[in-house]
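What follows is one structure encoded as C-alpha cells, with my remarks underneath.
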Amino acid sequence: MKKGKFIVLEGIDGSGKSSQIGPLVKRLEGLGLPCRADREPTGGPVGSLIRQIFTGRVTADNRVIAALYAADRIDHLVNEVDGLCAAIDQGVTVVSDRYYFSSYAYHSVDMDMEWVIHANSVSAGLLRPALTVFLDVPVETALDRIHKNRLVEEIFDQEDRLRKTREFYFKAFDRLKDVERVAVVDGSGTLEEVAERVWAAVSPCFL
C-alpha cells in the first residue's frame, strides 16, 4: 500500500492557515486521495489541557507549556485511536494545522531553540512533513484578523510576541534547511487567492 503524505500549514496566529485547511483537503480529495484534516494542540487529554492554559483557565510556566506540546505531539502520532503514523501508513494523506515548527518558533521566545528542537526530536524521528507551508503575513494584518475573529484572547496574541515568533520561524527554517522542506507563501489577500498560492506550493508533492 502506498503511504499517504503529511502536509503541514504553519504561521503566526492570524495568518489564515486554519482557513486554508478545508480548501486544501477538498482539492486533494478531488485527486482521489484519502485525506484528513488535523490540528495541534489536539483534542486529546494533553491537548485539552494546553487549550485551557491558552484561555487562562489553567496557569503554567512557559517551559511546562513547551513540554506539554511535545507530549501532545507524540500522542498525536502514535495513539491507537487516530494516530497520524498509522493513518499515513494506511495511505491517508494528512493536512495538519501546526506541527513542531510552531513549538520551535513560539517557545524559542522564552527558551533556547536547541532545547525546543531536542524536546521534539522524537516526533521529528517518527514523522517529518513532506512539506511545511508557512503562511506569511504582516503582524498588523494578523492582529486585525485575531481581533475580528476571536472571542477570547490567547496568551501568545500580543503584538511584540507575535513579531518575535515570526522571527523565530525564519530562524528555525534556516537552522533546519538541510532536513526540512519548507515553502513560504504570501498569506495576504482573499481566501481564494491564498488558496491558489498554497496549492501551487503543495501540488508538486503529488505529481
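Because the structure is a prediction, the values reported are computed rather than measured.
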Kindly write out the residues that satisfy salt bridge (charged side-chain N to carboxylate O under 4.0 Å, His left out) with [X], not counting sequence neighbours, or none if the list is empty.
X: Asp174; answer: Lys177
X: Asp72; answer: none
X: Asp178; answer: none
X: Glu29; answer: none

Identify the heavy atoms of [X] and [Y] that sit nearest to each other, and give their distance.
X: Val137; Y: Gly14; answer: CG2-O, 4.2 Å
X: Ala130; Y: Ile7; answer: CB-CD1, 4.2 Å
X: Val46; Y: Ala71; answer: CG1-CB, 4.4 Å
X: Tyr106; Y: Tyr169; answer: CE1-OH, 3.9 Å
X: Ala195; Y: Gln20; answer: CA-OE1, 3.1 Å
X: Leu131; Y: Ala201; answer: CD2-O, 3.4 Å

Measure from the side-chain N and O atoms of [X] to the backbone N and O of [Y], and report whether any donor-acceptor pair falls under 3.5 Å.
X: Arg36; Y: Val95; value: no
X: Thr93; Y: Lys5; value: yes
X: Ser15; Y: Ile12; value: yes
X: Ser48; Y: Gly44; value: yes

What pairs meet the salt bridge (charged side-chain N to carboxylate O under 4.0 Å, His left out) rule with one or both residues in [range], with sequence neighbours excluded?
range: residues 131-143; value: Asp136-Arg166, Glu140-Arg163
range: residues 86-96; value: Lys3-Asp89
range: residues 98-108; value: Glu10-Arg98, Asp13-Arg98
range: residues 57-71; value: Asp61-Arg63

Taking the side chain as every heavy atom from C-beta outward, state whether [X] and [Y] have any atom pair closer than 4.5 Å.
X: Val94; Y: Ile88; value: yes
X: Leu49; Y: Val58; value: yes
X: Ile21; Y: Asp97; value: yes
X: Val8; Y: Phe101; value: no
X: Tyr104; Y: Asn120; value: yes
X: Thr132; Y: Arg181; value: no
X: Ile117; Y: Arg175; value: yes

Reported [atom1]-to-[atom2] distance for the pair [X] and [Y], which is rounded to 0.5 angstrom:
X: Arg145; Y: Ser18; atom1: CZ; atom2: OG; result: 11.0 Å
X: Asp186; Y: Leu135; atom1: CG; atom2: CG; result: 9.0 Å
X: Asn79; Y: Thr42; atom1: CG; atom2: OG1; result: 8.0 Å
X: Leu207; Y: Leu31; atom1: CG; atom2: CG; result: 9.0 Å
X: Ile146; Y: Glu159; atom1: CD1; atom2: CD; result: 10.5 Å
X: Glu40; Y: Asp38; atom1: CD; atom2: CG; result: 8.0 Å

Query raised in the report: Checking side-chain contact (heavy atoms from CB on, under 4.5 Å) for the pair Asn62/His107: CA distance, chi angles, key distance, verdict?
Result: CA-CA 7 Å; Asn62 285 323; His107 302 312; 6.0 Å; no
Query raised in the report: Mind checking what makes ring pair (Phe, Tyr, Trp, His ring centres under 6.0 Å) contact with Phe206, not counting sequence neighbours?
Result: none
Requested in this report: Could you please spell out the steps behind the side-chain contact (heavy atoms from CB on, under 4.5 Å) verdict for Val133 and Val202?
Outcome: CA-CA 8 Å; Val133 178; Val202 170; 3.8 Å; yes
Determine whether [X] and [Y] fall in the same hydrophobic cluster, where Ile, Leu, Val, Met, Phe, Trp and Tyr are linked whenever their side-chain heavy atoms lie under 4.5 Å apart.
X: Val194; Y: Leu191; answer: no
X: Leu33; Y: Leu127; answer: no
X: Tyr69; Y: Leu9; answer: no
X: Val179; Y: Met113; answer: yes

Report task. Determine, stepwise, if the pair Val198 / Lys17 fulfils side-chain contact (heavy atoms from CB on, under 4.5 Å). Result -> CA-CA 10 Å; Val198 170; Lys17 59 186 174 41; over 6 Å; no
Report task. Dump the intermediate steps for salt bridge (Lys or Arg N to Asp or Glu O under 4.0 Å) on Asp110 and Lys164, then the final yes or no. Result -> CA-CA 10 Å; Asp110 302 298; Lys164 291 177 181 176; over 6 Å; no
Query raised in the report: Can you name the one residue among Ser123, Ser96, Pro41 that meets side chain to side chain contact (heavy atoms under 4.5 Å, CB included) with His76?
Result: Ser96
Query raised in the report: According to the ring-ring contact (aromatic ring centres under 6.0 Å, His included) rule, which pairs have a member within residues 3-42, sequence neighbours left out?
Result: Phe6-Tyr99
Query raised in the report: Among pairs that include at least one residue of residues 196-207, which meet side chain to side chain donor-acceptor pair (under 3.5 Å), considering only residues two or more places apart or in two chains?
Result: Arg27-Glu196
Query - Stepwise side-chain contact (heavy atoms from CB on, under 4.5 Å) check, Tyr100 with Val116 - result: CA-CA 9 Å; Tyr100 46 60; Val116 184; over 6 Å; no
Query raised in the report: Which of parallel (below 30°), tilted (30 to 60°) and perpendicular (above 60°) describes Phe173 and Phe134?
Result: perpendicular
Query raised in the report: Can a salt bridge be assigned to the pair Asp75 and Arg73 using a cut-off of 4.0 Å between side-chain N and carboxylate O?
Result: no
Report summary line: Contacts of Thr190 meeting side chain to side chain contact (heavy atoms under 4.5 Å, CB included) (sequence neighbours excluded), chain-then-number -> Glu192, Glu193
